[in-house]
Amino acid sequence: MRSINKRELFIQAWDLFKGNAQFLINVGILIFLIQMLIPNLLDSLFDGMNLQYLLYRFTYLLLVTGITLGVTSQLIKITRLVIIDSYNDIFNYFHKVATSVMGSVLIALALGVLALIFLILFAGISSVNIESLEQMASGDEISAPLMIGFMGYVVVLTYLTLKTNFFTYFIIDKDMGAIEALSESLTRTTGLEFELFTIYAILALLNLIGVLLFGIGLLFTIPYSWLVISVIYTRHLSD
């Protein structure tokens, strides 16, 4: 079982945050705008689910993914004590968007298949279709086996999410393809599952505090949390 010194991790991330505060706060503002404020404003322009809306959401997904990859790249540089003197590099990773999206699709497919397997095993149905799902949803009480299956699926979902969460780092830092990056993330996080779960729980509470501070606190907590994750990658997962 491997371990992460959490006190040292959060202190190191805080020192890096203070040394790059202007850049990171600007990143927090950027992420707040493109992931929260702007989508809510643009969504109000559409009357419902139609072709134009789907095209807009797909295009916006590609834009956000590209910027997210660029920010991740800069955070990796910060953890390696590289001075960030330009914001232009944030927009230089759109050529990695297809690989990142493919990795996310593979994860979603794997989780979807697992969900079907859990339904068949614990819901007492021989096949999964619209009718069986409607009958299950219309039941007054959730059966004990189904509850057990649901809890088991949540555990597996959490485990796989923790294990695969660093695949974009390998795509950016090691120039890997989607499958290779996912495999590397699964392999290199072995033995750190409980440590990662604890750290992510702490970061979730930290961002909850940011939400309670009228959402303004997220401008600080989001980039700091992202920096903590980047420090984990640099110190414990990369070469």
Between E193 and K163, is there a salt bridge with N-O shorter than 4.0 Å? yes
Got a sec, which pairs hit side-chain hydrogen bond (donor to acceptor under 3.5 Å, both in side chains) with one end in residues 21-41, sequence neighbours left out? N26-Y87
Taking the ring centre of each residue, are F166 and Y169 less than 6.0 Å apart? yes
Which of D173, I172, N165 passes side-chain contact (heavy atoms from CB on, under 4.5 Å) with Y233? Answer is D173
Could you label the plane-to-plane angle of the F94 and F91 rings as parallel, tilted or perpendicular, counting under 30° as parallel and over 60° as perpendicular? parallel
Hey, what's the ring geometry for Y93 with H95, parallel, tilted or perpendicular (30° and 60° as the breaks)? parallel
Please round to the nearest 0.5 Å and tell me the distance separating atom CD1 of I232 and atom CD1 of I4. 5.0 Å
Treat each ILVMFWY residue as a node, draw an edge where side-chain heavy atoms are under 4.5 Å apart, and state whether L37 and V71 are in one component. yes
Carboxylate-amine/guanidinium contact K6 E195, below 4.0 Å: yes
Residues which pass salt bridge (Lys or Arg N to Asp or Glu O under 4.0 Å) with E8, listed by chain and number, not counting sequence neighbours: R235
On a heavy-atom basis, the closest approach of R2 and L237 is NH2-CD2, 4.3 Å
Return each pair, listed once, that meets salt bridge (charged side-chain N to carboxylate O under 4.0 Å, His left out) where at least one residue sits in residues 49-62; pairs must be two or more places apart or across chains. D43-R57
Could you tell me whether the side chain of T79 and the main chain of I76 form a donor-acceptor pair under 3.5 Å? yes
